[in-house]
Visitor: 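Below is a structure I'd like to ask you about.
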Amino acid sequence: MNHALLFSVFVVASCGLAYELIAGALASYLLGDSVTQFSTVIGSYLFAMGVGSWLSRYVERRLVARFIQVELMVGVFGGFSAAGLFFVFAWSSAPFKLALYLAVVGIGVLVGLEIPLIMRILERDLAFKDLVSQVLTFDYLGALAVSILFPVVLVPHLGLMRSALLFGLLNVAVALWACWLFREQLRNVGWLGVQGGASMLVLLAAFAAAGELTSLAEAHLYADDIVHAESTPYQRIVVTRWKDDLRLHLNNNLQFSSRDEYRYHEALVHPGLSTLPAARRVLVLGGGDGLAVREILKYPQIESVTLVDLDPAMTRLFASAPPLRKLNEDALRSSKVSVVNADALQWLEDNDDLFDFVVVDFPDPSNFAIGKLYSASFYRLLEKHLTANALAVIQSTSPLYARQSFWCVVTTLESVGLLVTPYHALVPSFGEWGFVLAGRHAYRPPPAYAVATRFLTADTTPALFLFPKDMARVETEVNRLNSQVLVRYFEQEWRQVIR
């Protein structure tokens, strides 16, 4: 019996950490800034566990029955936590933070009750020294197991909603197992078994219908029809369609609309690449949708394009789905293109190749994981991969809505010794959007475009480099790896724009 209870500690610890990780991941998916979300969620959860441990002292009688009831409550409450929070955000994002922390605290208090109750059940048969060491050993082993499985197996294969329901089922299974182990000691074992069986059936039904539940929630979250949705270890990918308009959303943030993405990608690629007739080798960092690569391949002199994108699900999707292949004109299947799925910073550190043109097309710096890719350290590393006459272009958020953020990118590039030329273009889906060209020589706009464009002309290009008064340069700090001031600028500015 003792060994069975110790194994229960392993399962309980796994479930407890899983709910914590799920809440942090869901908050970072929907709210951004993963460091802040995980920090506050973990802190609140640990505090709540402490409260639960303190409250356990007031449980004096019928310890086994109380433990079973706590397990059932954790199983149901924790199992439905991701689904409930997802639906709250989908219907009205305003109360989401309140609901998030109420859920975190509620689950944390219940989880905090579990281990003290198990220890008090076991103390009749184990000496204190053995009791503490064995319980804590299984507790830490359970936490280790789920911390490895969560990013590698659970999120990419089950998603957050099914993962929460799975661990809810495990908590209920522990409760039913305890009912059977202590069946001769429990006065109301039948009623507890009925409660456990009902909880198990409800969670199983929700697990089976999790796909439909996710679709229902996302149908309210996105105005258009969802044609593709998947969770990866790195992000939530959703593609929507309305009539002929395909839209890509990453972690609930719009990345492009097929109706006007050509404006963005032409502005990203052509002002720089058109001035480099000798360019042969191109590097694209980010841009897993292949749309920037599509524009690059319009230049017949280009011999090779290396695309480095972290998420293999992104590049696989845009190389296989027919509507998306049509949009990027099968750019990712070109014999000139090599796709590498790796962290861009690590890839630059490990690779010695030089390039004539570099496109840096990362998502906006909404969290510290992405903010490092806008840091002085990153740009210093990037500079080492430029040939003598090369140019790099960096998408740099909106100089109108996120003015400090945009000019922080400019200041950071200048801090590593690069000559920079900022510019902007109007993309209706986003508004005014900013870009920065960087190299070792002064830049001049092209006198003509040798490739087909829908938006750019040689006559209108010089106007992109003029900034009106409300987008003019402001003083900012350099975005350094250890402080990442850019992320703070970005969060403060966009919070005033997004409702």
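All figures in this text were calculated on a predicted structure; none of them were measured in a lab. Numbers here are sequence positions counted from 1.
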Visitor: Between Glu491 and Ser366 (side chain of the first, backbone of the second, donor and acceptor by atom type, cut-off under 3.5 Å), is there such a pair?
Guide: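 No.
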Visitor: Taking only residues two or more places apart in sequence, or in another chain, which ones meet Gln492 in a side-chain hydrogen bond (donor to acceptor under 3.5 Å, both in side chains)?
Guide: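 side-chain hydrogen bond (donor to acceptor under 3.5 Å, both in side chains) check on Gln492 returns nothing, list empty.
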Visitor: Quick one: side-chain hydrogen bond (donor to acceptor under 3.5 Å, both in side chains) pairs with a partner in residues 445-454, sequence neighbours left out?
Guide: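 Residue pairs passing side-chain hydrogen bond (donor to acceptor under 3.5 Å, both in side chains), neighbours aside: Tyr449-Thr461.
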Visitor: What's the spacing between Ile22 CD1 and Arg162 CZ if we round to 0.5 Å?
Guide: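 That separation rounds to 13.5 Å.
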Visitor: Show your working on salt bridge (Lys or Arg N to Asp or Glu O under 4.0 Å) between Asp352 and Lys384 and close with a plain yes or no.
Guide: CA-CA 8 Å; Asp352 297 325; Lys384 295 178 181 178; over 6 Å; no
Visitor: Salt-bridged, Glu414 to Arg473, with N to O below 4.0 Å?
Guide: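 Yes.
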Visitor: Say whether, by atom type as modelled, one donor and one acceptor occur between the side chain of Glu432 and the main chain of Gly434 under 3.5 angstrom.
Guide: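 Absent.
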Visitor: Does a salt bridge link Arg440 with Glu383, judged by any charged N lying under 4.0 Å from a carboxylate O?
Guide: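 Looking at Arg440 and Glu383, the cut-off is met.
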Visitor: Hey, could you give me the OG/CG distance between Ser163 and Leu149, rounded to the nearest 0.5 Å?
Guide: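 Nearest 0.5 Å value for the OG-CG distance: 10.0 Å.
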Visitor: What residues, two or more places apart in sequence or in another chain, satisfy ring pair (Phe, Tyr, Trp, His ring centres under 6.0 Å) together with Phe378?
Guide: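 Applying ring pair (Phe, Tyr, Trp, His ring centres under 6.0 Å) to Phe378 gives Phe362.
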Visitor: Leu354: which residues meet the side chain to side chain contact (heavy atoms under 4.5 Å, CB included) condition with it, sequence neighbours left out?
Guide: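 By the side chain to side chain contact (heavy atoms under 4.5 Å, CB included) rule, Leu354 matches Thr387.
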Visitor: For Phe465, give me all partners under ring pair (Phe, Tyr, Trp, His ring centres under 6.0 Å), at least two apart in sequence or on another chain.
Guide: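 Ring pair (Phe, Tyr, Trp, His ring centres under 6.0 Å) list for Phe465, sorted by chain: Tyr423, Tyr443.
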Visitor: Check Phe38, Phe150, Tyr45 against Glu20 for a side chain to side chain contact (heavy atoms under 4.5 Å, CB included) and give me the one that passes.
Guide: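 That would be Tyr45.
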Visitor: Looking at Asp224 and Trp242, would you say the former's side chain and the latter's main chain have a donor-acceptor pair under 3.5 Å?
Guide: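 No, Asp224 side chain to Trp242 backbone: no donor-acceptor pair under 3.5 Å.
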Visitor: Do Ile296 and Ile302 have side chains that approach each other closer than 4.5 Å (heavy atoms only, starting at C-beta)?
Guide: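 Yes; the side chains approach each other to less than 4.5 Å.
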Visitor: Does Ile370 offer a backbone N or O that forms a donor-acceptor pair with the side chain of Asn367 under 3.5 Å?
Guide: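 Confirmed, Asn367 side chain pairs with Ile370 backbone.
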Visitor: Hey, which of Phe435, Phe455, Phe357, Tyr299 is the one that makes ring pair (Phe, Tyr, Trp, His ring centres under 6.0 Å) with His270?
Guide: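 By the ring pair (Phe, Tyr, Trp, His ring centres under 6.0 Å) criterion, His270 pairs with just one of Phe435, Phe455, Phe357, Tyr299: Tyr299.
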Visitor: Check the pair Thr306, Val284 against side chain to side chain contact (heavy atoms under 4.5 Å, CB included), reporting the backbone distance first and the verdict last.
Guide: CA-CA 6 Å; Thr306 301; Val284 179; over 6 Å; no
Visitor: With sequence neighbours excluded, tell me which residues meet side-chain hydrogen bond (donor to acceptor under 3.5 Å, both in side chains) with Ser396.
Guide: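 If we apply the side-chain hydrogen bond (donor to acceptor under 3.5 Å, both in side chains) test to Ser396, skipping adjacent residues, there are no hits.
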Visitor: Taking Gln484 for its side chain and Asn479 for its backbone only, find out whether a donor-acceptor pair lies under 3.5 Å.
Guide: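 No; zero donor-acceptor contacts below 3.5 Å.
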Visitor: Whether the side chain of Arg263 engages the backbone of Pro428 through a donor-acceptor N/O pair (distance < 3.5 Å, no angle test) should be reported.
Guide: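 No, because the side chain of Arg263 does not come within donor-acceptor range (under 3.5 Å) of the backbone of Pro428.
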Visitor: Return the set of residues passing side-chain hydrogen bond (donor to acceptor under 3.5 Å, both in side chains) with Tyr262 (not counting sequence neighbours), or none when no residue passes.
Guide: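 Here no residue qualifies.
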Visitor: Apply side chain to side chain contact (heavy atoms under 4.5 Å, CB included) to Ile107 and Ser81, showing your working.
Guide: CA-CA 9 Å; Ile107 296 170; Ser81 60; 3.8 Å; yes
Visitor: Sequence neighbours excluded, which residues qualify as side chain to side chain contact (heavy atoms under 4.5 Å, CB included) partners of Pro365?
Guide: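 Partners of Pro365 under the side chain to side chain contact (heavy atoms under 4.5 Å, CB included) test: Tyr374, Leu486, Phe490.
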Visitor: In Å, rounded to the nearest 0.5 Å, how long is the span from CG of Leu165 to CG of Leu158?
Guide: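 These two atoms lie 10.0 Å from each other.
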Visitor: Under 3.5 Å, is there a donor-acceptor pair linking the side chains of Trp407 and Glu475?
Guide: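 No, no side-chain donor-acceptor contact under 3.5 Å.
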Visitor: Report yes or no: do Thr412 and Ser415 form a side-chain donor-acceptor pair below 3.5 Å?
Guide: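 No.
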Visitor: For the CZ atom of Arg294 and the CG atom of Leu332, what is their distance to the nearest 0.5 Å?
Guide: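 Going from the CZ atom of Arg294 to the CG atom of Leu332 covers 11.0 Å.
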Visitor: Could you check whether any side-chain heavy atom of Lys243 comes within less than 4.5 Å of a side-chain heavy atom of Asp245, counting everything from C-beta outward?
Guide: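 Counting from C-beta outward, Lys243 and Asp245 never come under 4.5 Å.
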Visitor: Determine whether a donor-acceptor pair (N or O, by modelled atom type, separation under 3.5 Å) exists between the side chain of Asp343 and the backbone of Leu345.
Guide: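 Confirmed, Asp343 side chain pairs with Leu345 backbone.
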Visitor: Start with the C-alpha gap between Val41 and Leu100, add the side-chain angles, then the distance that decides, and say whether side chain to side chain contact (heavy atoms under 4.5 Å, CB included) holds.
Guide: CA-CA 9 Å; Val41 165; Leu100 170 68; 4.3 Å; yes
Visitor: Between Glu493 and Ser405, is there a side-chain donor-acceptor contact under 3.5 Å, judged purely by atom types and distance?
Guide: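 Their side chains do contain a donor-acceptor pair, which is all the 3.5 Å distance test asks for.
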Visitor: Could you check Tyr264 against Asp361 for side-chain hydrogen bond (donor to acceptor under 3.5 Å, both in side chains), going step by step and ending with a plain yes or no?
Guide: CA-CA 11 Å; Tyr264 173 93; Asp361 191 19; 2.5 Å; yes
Visitor: Will you find, in the side chains of His265 and Glu295, an N or O donor that is under 3.5 Å from an N or O acceptor?
Guide: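 Result is no, nothing qualifies.
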Visitor: Give the ring-plane orientation class for Tyr19 versus Phe167, where under 30° counts as parallel, over 60° as perpendicular and anything between as tilted.
Guide: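 If you compare the ring of Tyr19 with that of Phe167, the planes turn out perpendicular.
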Visitor: Which residues satisfy the ring pair (Phe, Tyr, Trp, His ring centres under 6.0 Å) test with His385, sequence neighbours excluded?
Guide: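 His385: no ring pair (Phe, Tyr, Trp, His ring centres under 6.0 Å) contacts found.
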Visitor: Is it true that a side-chain atom of Arg488 and a backbone atom of Ser483 form a donor plus acceptor pair closer than 3.5 Å?
Guide: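 Present.
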Visitor: Using a strict cut-off of less than 4.0 Å between a Lys/Arg side-chain nitrogen and an Asp/Glu carboxylate oxygen, indicate whether Asp244 and Arg259 qualify as a salt bridge.
Guide: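 Salt bridge: yes.
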Visitor: For residues 311-319, tabulate all N or O donor-acceptor pairs below 3.5 Å that involve a side-chain atom, not counting sequence neighbours.
Guide:
residue, atom, partner, partner atom, Å
Asp311, OD1, Ala313, N, 3.0
Asp311, OD2, Thr232, OG1, 2.8
Asp311, OD2, Gln235, NE2, 2.8
Thr315, OG1, Pro312, O, 3.2
Thr315, OG1, Asn341, ND2, 3.2

Visitor: Please test Leu102 against Val104 for side chain to side chain contact (heavy atoms under 4.5 Å, CB included), starting from the C-alpha separation and ending with a verdict.
Guide: CA-CA 6 Å; Leu102 286 175; Val104 166; over 6 Å; no
Visitor: Any idea how Phe355 and Trp347 line up, ring-wise: parallel (<30°), tilted (30 to 60°), or perpendicular (>60°)?
Guide: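 Answer is tilted, since the angle falls between 30° and 60°.
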Visitor: Atom CE in Met471, atom OG in Ser398: separation rounded to 0.5 Å?
Guide: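 Met471 CE to Ser398 OG: 7.5 Å, rounded to 0.5 Å.
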Visitor: With sequence neighbours excluded, what pairs up with Glu303 under the side chain to side chain contact (heavy atoms under 4.5 Å, CB included) test?
Guide: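 Once residues adjacent in sequence are excluded, the partners of Glu303 under the side chain to side chain contact (heavy atoms under 4.5 Å, CB included) criterion are Arg280.
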Visitor: Test your reading of the model: is there a side-chain donor-acceptor pair from Glu329 to the backbone of Leu327, 3.5 Å cut-off?
Guide: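 Answer holds: no.
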Visitor: Donor-acceptor pair, Ser258 side chain versus Leu246 backbone, under 3.5 Å?
Guide: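 Yes: the side chain of Ser258 pairs with the backbone of Leu246.
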Visitor: Quick check for you: to the nearest 0.5 Å, what is the distance between Thr240 atom OG1 and His249 atom NE2?
Guide: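 Answer for the OG1-NE2 pair, Thr240 versus His249, is 3.5 Å.
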Visitor: Between Arg241 and Asp225 (salt bridge meaning N to carboxylate O under 4.0 Å), is one present in this structure?
Guide: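 Judged by the 4.0 Å cut-off on N to carboxylate O distance, Arg241 and Asp225 do not form a salt bridge.
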Visitor: Can you name the residues that form a side chain to side chain contact (heavy atoms under 4.5 Å, CB included) with Lys336, not counting sequence neighbours?
Guide: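 Only Leu297, Ser334 meet the side chain to side chain contact (heavy atoms under 4.5 Å, CB included) criterion with Lys336.
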